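The first residue in the sequence is number 1, and the count goes up from there. As the structure is a computational prediction, the values presented were derived from the model and not from experiment. Heavy-atom basis, side chains included; hydrogens, waters and symmetry copies ignored.
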Amino acid sequence: MVAELVFATNNKHKLEEVRHIISDRVILLSLADINCCDDIPETAGTLEGNALLKARHIKRQYGYDCFADDTGLEVEALNNAPGVYSARYAGEGNDASANMKKLLCKMQGKENRNARFRTVIALIIKDKEYLFEGIINGSVITEKRGEAGFGYDPVFMPSGYMQTFAEMGGELKNQISHRALAIKELATFLSTNPHK
């Protein structure tokens, strides 16, 4: 039996990315599929906390088994900022372009450009909670490169590659990204556990 799960996100890019990775293992429902228009607050101080907040909301309000994620770009020279505030680094109402502009400004003159993307997924299935994590190390480059992807993809170059996430295109990124790694952990769990 294939599990039916709600992915608690309004981000169409994320939904497409995750569908591509696990479409053969689960029937993936979006918030729109369950008529959820709730603005779920992300008020926790950690990625784990935010992912759990979103998943618990969907389970409590709609009754579906579900999972939610939170992702942060953690930059070594900035004490792991923007981290949990990655999506709103430049302030509420700003977009990815403003976030990248602020990041590149903060990184001016810094020799240490080490960074990592970290995704945490919270899964609630049969009233039990599970956490999965994906991390990819890399660096913040000095200017935006590439048109694909979203978020900080144009300024993040994963270790071992000469392209940013935005230059790679979806196929390669979906194999190596932080979200892909976390989703693969989730998919393995779903296929090897009898919870479904």
Side-chain angles (χ1 to χ4, degrees), residues 7-22 42 44-51 54 67-122 131-188:
F7 181 18
T9 184
N10 286 309
N11 186 319
K12 288 178 182 173
H13 297 292
K14 278 189 191 179
L15 195 61
E16 284 169 20
E17 211 173 272
V18 172
R19 273 207 171 112
H20 183 76
I21 297 166
I22 64 167
E42 297 180 39
T46 63
L47 299 176
E48 291 83 355
N50 278 338
K54 291 185 276 188
F67 66 94
D69 80 317
D70 200 21
T71 294
L73 176 65
E74 299 175 343
V75 182
E76 219 172 79
L78 303 178
N79 296 316
N80 289 333
V84 73
Y85 303 107
S86 293
R88 49 193 183 278
Y89 191 42
E92 293 294 341
N94 280 294
D95 61 7
S97 183
N99 289 336
M100 279 188 283
K101 187 175 178 183
K102 179 176 179 179
L103 176 65
L104 292 176
C105 186
K106 292 265 188 188
M107 289 298 288
Q108 277 184 352
K110 296 200 184 296
E111 286 183 29
N112 177 4
R113 303 192 75 85
N114 293 340
R116 67 180 191 170
F117 264 122
R118 190 163 71 93
T119 290
V120 175
I121 291 174
L131 289 172
F132 307 92
E133 183 181 63
I135 293 172
I136 185 163
N137 293 307
S139 59
V140 174
I141 62 171
T142 56
E143 60 185 10
K144 295 192 283 186
R145 282 180 16 202
E147 299 298 322
F150 60 100
Y152 295 91
D153 286 358
V155 296
F156 180 81
M157 186 180 293
S159 298
Y161 294 86
M162 297 305 293
Q163 295 174 302
T164 66
F165 270 168
E167 291 175 302
M168 279 181 181
E171 195 167 331
L172 178 56
K173 182 191 168 189
N174 286 345
Q175 291 172 22
I176 67 168
S177 78
H178 45 293
R179 188 170 297 107
L181 296 172
I183 288 292
K184 282 170 189 166
E185 275 195 30
L186 169 67
T188 300

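- For Asn80, the side chain to side chain contact (heavy atoms under 4.5 Å, CB included) test picks out Glu74, with sequence neighbours left out.
- The closest side-chain heavy-atom distance from Ile183 to Ile121 is below 4.5 Å.
- For Arg179 (side chain) and Val18 (main-chain N/O), no donor-acceptor pair under 3.5 Å exists by modelled atom type.
- Residues that satisfy the side chain to side chain contact (heavy atoms under 4.5 Å, CB included) test with Tyr161, not counting sequence neighbours, are Pro158, Met168, Leu172, Ile176.
- A side-chain donor-acceptor contact under 3.5 Å links Asn50 to the backbone of Ala44.
- From Leu78, atom CG reaches atom CZ of Arg113 across 9.5 Å, with rounding to the nearest 0.5 Å.
- Residues Val84 and Glu42 fail the side-chain proximity criterion, which asks for heavy atoms closer than 4.5 Å.
- Applying the ring pair (Phe, Tyr, Trp, His ring centres under 6.0 Å) definition to pairs two or more places apart or across chains, those involving residues 135-155 are His13-Phe150.
- Rounded to the nearest 0.5 angstrom, Asp69 CG and Asn11 CG are separated by 8.5 Å.
- Within the 4.5 Å cutoff, side-chain heavy atoms of Phe165 are placed close to those of Ser177.
- Nearest heavy atoms, Ile136 versus Phe156: O-CZ, 3.7 Å.
- Gly134 and Ala182 get closest at one heavy-atom pair: N-CB, 3.6 Å.
- Residues Ala68 and Ala51 approach most closely at CB-O, 3.4 Å, considering heavy atoms.
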Sequence neighbours left out, cut at 3.5 Å: what donor-acceptor pairs do the side chains of residues 104-112 make with other protein atoms?
residue: Asn112; atom: OD1; partner: Asn114; partner atom: N; Å: 2.9
residue: Asn112; atom: OD1; partner: Asn114; partner atom: ND2; Å: 3.4
residue: Asn112; atom: ND2; partner: Glu76; partner atom: OE1; Å: 2.8

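- Minimum interatomic distance between Ser86 and Asn99 (heavy atoms only, all atoms of both residues): O-ND2, 3.4 Å.
- Within 6.0 Å of the NZ atom in Lys184, the count of heavy atoms belonging to other residues, nucleotides or ligands exceeds 12.
- Not a single ring-ring contact (aromatic ring centres under 6.0 Å, His included) links Tyr89 to another residue, sequence neighbours left out.
- Closest heavy-atom contact between Leu73 and Ala115: CD1-CB, 4.1 Å.
- Rounding to the nearest 0.5 angstrom, the gap separating the CG atom in Asp70 from the NZ atom in Lys54 is 4.5 Å.
- When side chains are defined from C-beta on, Phe67 does not count as touching Phe132, because their heavy atoms never get closer than 4.5 Å.
- Annotation: salt bridge (charged side-chain N to carboxylate O under 4.0 Å, His left out) contacts involving residues 133-157, sequence neighbours excluded, comprise Arg118-Glu133, Arg145-Glu167, Asp153-Lys173.
- The two atoms that bring Pro154 and Ile141 nearest to each other are O-CD1, 3.7 Å, heavy atoms only.
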